[in-house]
Each structure stands twice: as C-alpha cells, then as structure tokens.
2 protein chains.
Amino acid sequence: MARARPLTRSEQDYLKALFSLGGLEQSVTVSALATRLAVSAPSVTNMLSRLAASGLVRHAPRAGARLTASGAKQALLILRRHRILETFLVRVLGLDWSEVHEDAEVLEHAVSDRVLDALDRLIEHPREDPHGHPIPDPRGRLARRSLSPLAALPSGASGTVREIRDRDRGRMARWKQAGLVPGARVRMRAVQPIDDVFELDVNGHTMVTGSEGLDGVLVERSRERSHGRRA
Amino acid sequence: MARARPLTRSEQDYLKALFSLGGLEQSVTVSALATRLAVSAPSVTNMLSRLAASGLVRHAPRAGARLTASGAKQALLILRRHRILETFLVRVLGLDWSEVHEDAEVLEHAVSDRVLDALDRLIEHPREDPHGHPIPDPRGRLARRSLSPLAALPSGASGTVREIRDRDRGRMARWKQAGLVPGARVRMRAVQPIDDVFELDVNGHTMVTGSEGLDGVLVERSRERSHGRRA
DNA sequence: CTCCTGAGTTAGTCTAGGCTAATTAGCGTC
DNA sequence: GACGCTAATTAGCCTAGACTAACTCAGGAG
C-alpha cells in the first residue's frame, strides 16, 4: 500500500496497458499484458506483484490482474498526458495524427506537470484528442460514451465516426486518406457477412472494405432517419 | 570504438557535463564531473571507461577525461536539443526563462528528431536560446564568440549582455528583475575591488552588487565611445 | 479419475547505473 | 627519501527491470 516514490516509467506503462486492455472492471491475463508490452510472462508476473504491493493493482495468482481505484486513477492521469501531447503534436506542431503515437508514448513520461499544463492551455483544454478519444480531466475522470464498432453498423444505418483505436499506422493512414476520421459521417450501404465485404459511404464517397480491423473505428449511431433494420 | 546502440540518458548527461566543464580542448577531473552530476567518484570512473570504450572520450587514468571529436559532436547535438527546447518553453509556452532549465534537461532525452525539428521550425530556427547562448547547428557546430564576464568590465566601460550562465535559479530571477538579461546594455560606473562592490547601469537603472556569481553574466564589450581606461 | 497441455510462477542470470569501503598513486613537505 | 594528503581506482554490493529454463497447477479430453 505504501507508495511514496513516483511511478517509474515501466510501472506507468503497465498501468496504462492494464487500463487499455481491461478498463476499470475487467481483469487482464498475464499473457495479454506480456503481448501488449512486448515483454516475457515472468516480467509481467514480477511487475504485477510489485504493483500489487503498492496497492495499484489486485493480483490473484493465476487469475489475471485488475486495477485498484488508485491504480485506475494513475492510469487515467497518464492517459490524459498522452492525449494532451498527441493533440499538441498534431495541432501545434503539425505532425500527422496517424504517426504521433510513439512520440507521445515517450513524452508522456518526461513532461512535467508545469509543461503539461502549459501545453493544455496552449491547445485550449480540448475534450478530445486527434483520434477522437476523450481526454480525462485533471482529476482522472473520463467522459463515458456509448459507441459501436463500425463493422457492427447494420446496412442502411448511419453514424458519425468518434474514435479511431487502431494501433496499425499504415491502416490508420489509409483510413485517414479515405476520410475515415473522427467527425466523419458514414452510412453503411451494404454488408455481405459471408464474403466479409462492407460497402460504406464516407462523407459522400463510397468505400469497399473487408472487416479487417474495422472494429477499431467506433461510431455513434444516428437516431434520425433510421430506415435500416434496427431492433 | 564500436558504438552501435544509441546513447543512454546517463551517457548523454556525462558527455554534456564534459563539454560544459571542459569544452572541446580541456580535460576534466573525475571529481569535477562527480560534483556536477551529483554522483560518486567511482560512478564517474566507471562511466568514463565505458565512454572511452565507445570512443567518445579519452580517459588517461588519474589524469581526467576529454571528449574526442565524436564525443564532442554528440555533446553539441544534445546541447542543441536542450537550447531549442528552452527556447520553445519560453517563447511558445510562456514559461519563465529562469525556470525552464530542469524541464529542458529531461525533455532533451525524450524528444524525437521529428518532434525536435518541428519545434525548431515552430520557433523559426533561432540562433540563440533565451539565456543568450548560441544554439549549435544541426551538424553540431557552435558559433564562437568572445565574451567577458561582467565583473571583468573596467569602470567606465560598457557592453551588451550576451549570455547568462548561472545555474542558481533565484539569482537568475533577481537578475532578470533588474533587467540583466541577454541584449541589455550595461555600463560599469565604478568598481571597488577591495569592498567587492560593483556599481553599474543596466538599461538606464543603477544597480549595486557584489561580485558573487557576476562572472555568470557574459558581456560583449563595446568599442565605441570607450572613455574608460582600456589597455 | 487420470493425464496432458498451456498459462503462470519460481529460480536464477544479466545489464545499466548507481553506491560504500578499501586500496593505490602522485605530489608536496619536511 | 619517507610521510601524509587527496584524488582516483578497484572491489563488491544494490535496485529496476528485463531474460531463459524449469516447475506447477487447473481445466478439458478421454
């Protein structure tokens, strides 16, 4: 429970991964963490017990790990730094939103609170980062939204892209080129589940694609003019 | 001589300290480095031999260490990052120039080349940082200037402040308040070496001070209207 | 009910980069 | 020329955080 010293870089990375894989409730397996962080399973077990000793995670042997309230708060504060940095990198430095992730990943551990606040002020306290992800507030609270994967949109339904979650830079760049960015209006023209082919309108243009990674695109369903087969 | 992997953070810090204490020519003692970096002497010996093995410093046992050409280049490139960051922190984020050093110290190791270039572009490729220090060019070349410590100015002589080198934040803040910043015009009204009292005009205002730390203020002597007792 | 399999843990090693304590090498003094 | 001071080096240890190899346990197949 005693956690006097500040979190090390690795500790922060584990907390972030834990949050991103399991959120606030779900528990995450050792192997999922190992894959995500590109480390071996023993490294994970080892770090988890240390984090458990500081009261940041709960770790039942052979049953995965889950963030405690205090761990979740830390994770959200790191996420906040990450997203503020990404927004800065894109909006002020003009870097490409499909490529800033790695930079933010490093800087989030290096930037002092003073500099972070100044950056946040400079970009005028945005609520969302360039991928459309909501930015936690300074106390670590995150706006909840109910979004669905683009691939789950029934044919005929339409919505607005809200988040891009993919980790594949190439794919993100392609999507960006196709106009599939946060804020874009999309309509599912046709779904052929057998062939795994999706035909959709993106801001007027038609796009045909397989489902590969399409669940990394989250949309907000539109209520109006719902002439699709909704339940 | 073999140096495949990128420099670690500590290695970079040692190179920077070596440059700042001994420049390109002079050799630096182990204890000076230990003091500057706030580590023990054995740690310094240890790191020096590693740097020597990578061909970045020359280290004769019990005779101090000196940068090699390649070490000097690395040091200057790090200095470049540091100074670009300080300039960004002051000019864009509006932080106080007497307080940005620590932040730059951390960020210089974290910022990618891509982000550094973008920052440099944003601040329009300055030649000097907010303390007046020249910024090395992208190939690690530093403009040479001939400046003298303010305390060495004979009475009657005047000049322009070019650099503030102090590491004491409080003192820097005081100087800043008194107008003793890069670009300020100063004239030495009177020097009383016995009492260690200096009386000077700074941008019109008169300032009386002891020599304490005054050699951290570097001025460029004016040639014109030299009615002081110059040699 | 036993056995196999695979996920997870334990044990032991490595590297970077610190540390303290003990030793050595010069250098100045007498 | 011996003495002692201080700077530097050596020796040995520590922590964070990784790794591999070897062991263990729980859950599904038979």
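Not measured: the values here are computed from a predicted model. Order of the sequence lines sets the chain letters (A, B, ...), proteins ahead of strands, with each chain counted from 1.
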Between [options], which one does the side chain of [X] approach most closely?
X	options	result
B:T29	C:dG8, D:dA18, D:dA8	D:dA8
A:V30	C:dT9, C:dG17, D:dT9	C:dT9
B:R62	C:dA25, D:dA18, C:dG18	C:dA25

Does [N] have OP1 or OP2 sitting under 4.0 Å from an N or O in the side chain of [X]?
X	N	answer
A:H59	C:dT9	yes
A:R50	D:dG17	yes
A:S43	D:dG17	no
B:Y14	C:dG18	yes

Decide if atom [atom1] of [X] counts as having more than 12 heavy atoms of other residues, nucleotides or ligands within a radius under 6.0 Å.
X	atom1	answer
A:R162	CZ	yes
A:K73	NZ	no
B:R9	CZ	yes

Can you tell me how far [atom2] of [N] sits from [atom1] of [X], to the nearest Å?
X	N	atom1	atom2	answer
B:H109	C:dG17	NE2	P	12 Å
A:Q12	D:dA16	CD	C1'	14 Å
B:L33	D:dT9	CG	C1'	15 Å
B:N46	D:dA7	CG	C1'	17 Å
B:E11	C:dA16	CD	P	8 Å
B:M47	C:dT15	CE	P	15 Å
B:R5	C:dG17	CZ	P	8 Å

Does the pair B:K16/B:E105 count as a salt bridge with the N-to-O cut at 4.0 Å?
-> yes
Could you say whether B:L48 or A:S40 is positioned toward the 5' end of DNA chain D, judged by the nucleotide with the nearest heavy atom to each?
-> B:L48
What is the nucleic acid contact for A:T45, judged by heavy atoms within less than 4.0 Å: base, sugar-phosphate only, or nothing?
-> base
With heavy atoms under 4.0 Å as the rule, sort A:S31 into base, sugar-phosphate or nothing.
-> sugar-phosphate
Evaluate the side-chain proximity of B:R169 to B:E99: yes if any heavy-atom separation is below 4.5 Å, no if none is.
-> yes
